[in-house]
Amino acid sequence: MTIRFSIRWLIVAYGLFVWFQLVPTFLLNNFIVMILPAKVSQIVVLGLTWMFVIALVVGHRSSAKAVWETTAGSILYTLTMLMVFERFWLAPTGKALATQIVGLILLVGALVFAGSWFGGKMFLLSIRKQEKALSQ
Amino acid sequence: MTNGNTEPFGVGMKHETITIEMKKETAVMMIWLAAGMLLVLSAFFLFGESNSLWEPLMGAGIAGGVYLTTLVVYCTRPPISFRRRWITIGMTALTAAAAVVGWAGQKERSQWQRETLLSIRTVIGGGIAFHATTDILRKPFEEFHAQQGRVRKSLGETFLARYSKSKVGANIYTSESQGDSLQVILERVDDQKVVLVVLDPIARGRDPMFRNIDGRLGKLQQRFFLREKGLTYESEN
Amino acid sequence: MNPKTDDVQPEAMEGSHEPGGGFTILFLLSTVIAVITIAAWYHAAEDPMGHIPRFFVTPWMIAAGQEILHGLQEFSGRPLEPVQPLPRFLTLTSLFLITVFGPTLYFFGIRERILSRSAIRLRWPASITSIVGAVITLPTMITLLLAVPLQHAAFVGLKEAQAIQYDRDFIINDLNLIAWDIFEYRVRPKSMEGEGGGPAAGYMLPPHLASTEYGRYAIKVVGDQVEIRSESRRYSGATITASVGEKGTLTNWKFEGEFR
């Protein structure tokens, strides 16, 4: 089994996490903080859910070709948040311990992989439906 | 059919066509952006220099709404499907409605907060007026009733003995800070009573047309009467 | 193909190619610039409490801020200042962003994507402009829809809190009146009314002070000390207790219930 890893898709996936989560968070911070739950764990769950949805979209729109790249991009994005902003989305982490970083990365990686895989599967399903419709 | 390249002619030619269309669309988009910017800008400055941002915002918002409506109708014209067109228009209308409700709500809230600030100032002003007046009258009242013997000063005399520099019609209150603009005006002093009129030039009174003692309009004003039996007061505004 | 429901005739879906080289470089550059800009802003403007600085507000929030600023100016007796150029600029920019710039890029991007028939799956994302348009438009849409019920609930809470504060302030004013009345009772000689003179023993609250529009009041005289207890008419369990000193000053304040 060969796994092709596209650097271009990695860059695009990383960029999409930045543009679709980090940038809107800062653009509309004033509103987002109004709907934010109080507990840090809930903020983390919300952030992870958002990343899952982005992964779903990327998996679908990339025609199931960028599952690994999306996963790697999400890990790079998470590291950017932790190192540069000392946060995971809006949840403050401070100077995170190595174990926290590894745990978070594994969680993010797993969720995003699942999301982009599902997105890809949804795309392939829609292709089959259209091919079936065409053949009839 | 191919010519040896990976892409069939048909697709290649379609690519050329698409490229041209994209470039034209980009130019069209720039024109739309410029038109929208001009429209919103003109509507915003139509109201000139105003004390509030609501009027210019309303004008610019209406212009922005008109622009958005025409934009959505333009971008969803055929060959976009009927279903997608109306879903897009519906979502845009829903969002615009939410924006209008949010806008109106925010305006109501901010105006309520401004009103509340002024009401709080009035309540505080009333409390400060009472406190300042009783501070002035406490000692004379105490001294008057503490007198022993047959020869006693009247209430007015006791008051003037303590506030010898006070003149009728003048402000006898000493400001506690730079921002303290309270005035306690000695309106009348006689043997039986002392009348003080307290004016807060900042706090809003009940009646905006009430003529205050210093000629202002609509400010908080109370009148205090100190007699031998005690203090009474009237809230004049 | 149904023209009412289908946008385009499905072409052979061969699967996607990689994003173009030029696009990838441009996208990487713009992403790095975005991260650096946000990081610079974040670190420059973060307050000691660790709150993330506000980067963008809707135009009506800026206008509301101006309204409240005017209220504060009136509160402190200052004349109203005309609106400064910066809030004007911010309002205009924010309105331009959410009604013109974002939606134009977004809707043109959607149309471009739909019209690119067989290229739908060949290149995605289609362009940076469509991404930027989506980044501005979609979060704006979601937060606008969510903000309406949330802000309404917050306003209801604020009004309730303010009503409680009002009640508290009026009761404090009443307590000051009672404190002065006790002071007068202490100071006036016994001959004036048959009671009083010196300590507060024998003092009784007059009816117009025992019950007012805002509260009910009771006093407890212990030797020379007088304690006043007030209970709000509107908010059950909300009480204020204070002691009256010799000179009619109030001390030992205690606030319970909603007044705490």
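Both backbone and side-chain heavy atoms feed into the values below; hydrogens, waters and symmetry mates do not. Letters go in sequence order (proteins before strands), and every chain restarts at 1.
- Rounded to the nearest 0.5 angstrom, B:Phe130 CZ and C:Leu177 CG are separated by 4.5 Å.
- Here the shortest heavy-atom pairing between C:Pro189 and B:His145 reads CD-ND1, 3.2 Å.
- Within 6.0 Å of the OH atom in B:Tyr233, the count of heavy atoms belonging to other residues, nucleotides or ligands does not exceed 12.
- Of the listed residues (C:Leu105, C:Thr91, C:Val100, C:Thr249), the greatest number of heavy-atom pairs within a distance under 4.5 Å of chain B belongs to C:Val100.
- Put simply, of B:Thr88, B:Val40, B:Leu68, B:Leu33, the one with the most heavy-atom pairs under 4.5 Å next to chain C is B:Leu33.
- C:Lys247 and B:Glu142 are joined by a salt bridge, as a carboxylate oxygen and a charged side-chain nitrogen come within less than 4.0 angstrom of each other.
- For residues 63-100 of chain C, the set of pairs meeting the ring pair (Phe, Tyr, Trp, His ring centres under 6.0 Å) definition, not counting sequence neighbours, is empty.
- Put simply, CD on B:Glu115 and CD on C:Glu74 are 8.5 Å apart, with the number rounded to the nearest 0.5 Å.
- Listed options C:His152, C:Lys159, C:Gln165, C:Arg78 were ranked by heavy-atom pairs under 4.5 angstrom with chain B; first place goes to C:Lys159.
- Within the 4.5 Å cutoff, the side chain of C:Phe155 has heavy atoms near those of the B:Glu108 side chain.
- For the side chain to side chain contact (heavy atoms under 4.5 Å, CB included) test with C:Trp60, the passing option among B:Lys107, B:Gln106, B:Arg109 is B:Gln106; the others fail.
- Annotation: B:Gln111, atom CD; neighbour count of heavy atoms from other residues, nucleotides and ligands within 6.0 Å is above 12.
- A distance of 8.0 Å separates CZ in B:Phe44 from CG in C:Leu95, rounded to the nearest 0.5 Å.
- The residue among B:Trp32, B:Trp86, B:Trp112 with the most heavy atom pairs within less than 4.5 Å of chain C is B:Trp112.
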Go through C:Gln162 and B:Gln113 one step at a time and tell me if the side chain to side chain contact (heavy atoms under 4.5 Å, CB included) criterion holds. CA-CA 10 Å; C:Gln162 187 52 48; B:Gln113 282 177 297; over 6 Å; no

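- Between the side chain of C:Glu67 and the backbone N or O of B:Arg114 there is no donor-acceptor pair closer than 3.5 Å.
- Between C:Phe183 and B:Phe141, the ring-plane angle classifies as tilted under the 30° and 60° cut-offs.
- In this structure, chain C has no heavy atom under 4.5 Å from any part of B:Lys219.
- Every residue was checked against the salt bridge (Lys or Arg N to Asp or Glu O under 4.0 Å) condition with C:Arg111, not counting sequence neighbours, and none meets it.
- Looking at every heavy atom in both residues, C:Pro82 comes nearest to B:Asn51 through CA-OD1, 3.3 Å.
- Within the 4.5 Å cutoff, no side-chain heavy atoms of B:Ser52 are placed close to those of C:Gln66.
- Among C:Asp169, C:Thr137, C:Leu72, C:Thr99, the residue with the largest count of heavy-atom pairs under 4.5 Å with chain B is C:Thr99.
- Contact count versus chain B (heavy atoms, under 4.5 Å) is highest, among C:Leu145, C:Ile172, C:Ile110, C:Leu69, for C:Leu145.
- For the options B:Ala146, B:Gly125, B:Ser119, heavy-atom pairs under 4.5 Å to chain C are most numerous at B:Ser119.
- For the options C:Val148, C:Leu92, C:Leu80, heavy-atom pairs under 4.5 Å to chain B are most numerous at C:Leu92.
- Highest contact tally toward chain B, considering only C:Trp180, C:Phe101, C:Phe107, is held by C:Trp180 [criterion: heavy-atom pairs under 4.5 Å].
- B:Arg85 does not touch chain C: none of its heavy atoms, backbone or side chain, sits under 4.5 Å away.
- Contact annotation: the side chain of C:Asn176 never approaches that of B:His131 to less than 4.5 Å [non-hydrogen atoms, C-beta and beyond].
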Determine, stepwise, if the pair C:Arg188 / B:Glu228 fulfils salt bridge (charged side-chain N to carboxylate O under 4.0 Å, His left out). CA-CA 8 Å; C:Arg188 279 194 302 263; B:Glu228 288 181 20; over 6 Å; no

Before giving the answer on side chain to side chain contact (heavy atoms under 4.5 Å, CB included), spell out for B:Val123 and C:Tyr166 the whole-Å C-alpha distance, their side-chain angles and the decisive distance to 0.1 Å. CA-CA 8 Å; B:Val123 174; C:Tyr166 261 136; 4.1 Å; yes

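- Listed here is the closest heavy atom pair of B:Gly127 and C:Asn173: CA-OD1, 3.6 Å.
- Only the side chain of B:Ile124 comes within contact range of chain C, with heavy atoms under 4.5 Å apart.
- At least one side-chain heavy atom of B:Leu71 sits under 4.5 Å from a side-chain heavy atom of C:Pro103.
- Across every non-hydrogen atom of B:Leu53 and C:Ala63, the tightest pair is CB-CB, 3.7 Å.
- Residue B:Tyr74 touches chain C through both its backbone and its side chain, counting heavy-atom pairs closer than 4.5 Å.
- Using a 4.5 Å heavy-atom cutoff, the side chains of C:Thr58 and B:Trp103 are not in contact.
- Atom CG of C:Leu138 and atom CE of B:Met91 lie 9.0 Å apart (nearest 0.5 Å).
- Of the inter-residue distances, the one linking C:Asp181 atom CG with B:Leu231 atom CG reads 10.0 Å to the nearest 0.5 angstrom.
- Between chain C and the options B:Cys75, B:Pro78, B:Ala98, heavy-atom pairs under 4.5 Å are most frequent for B:Cys75.
- Between the OG atom in C:Ser94 and the CG atom in B:Leu57 there is a gap of 8.0 Å [rounded to 0.5 Å].
- A pairwise comparison of heavy atoms in B:Ala99 and C:Leu144 identifies CB-CD1, 3.9 Å as the closest pair.
- The closest side-chain heavy-atom distance from B:Thr92 to C:Met141 is not below 4.5 Å.
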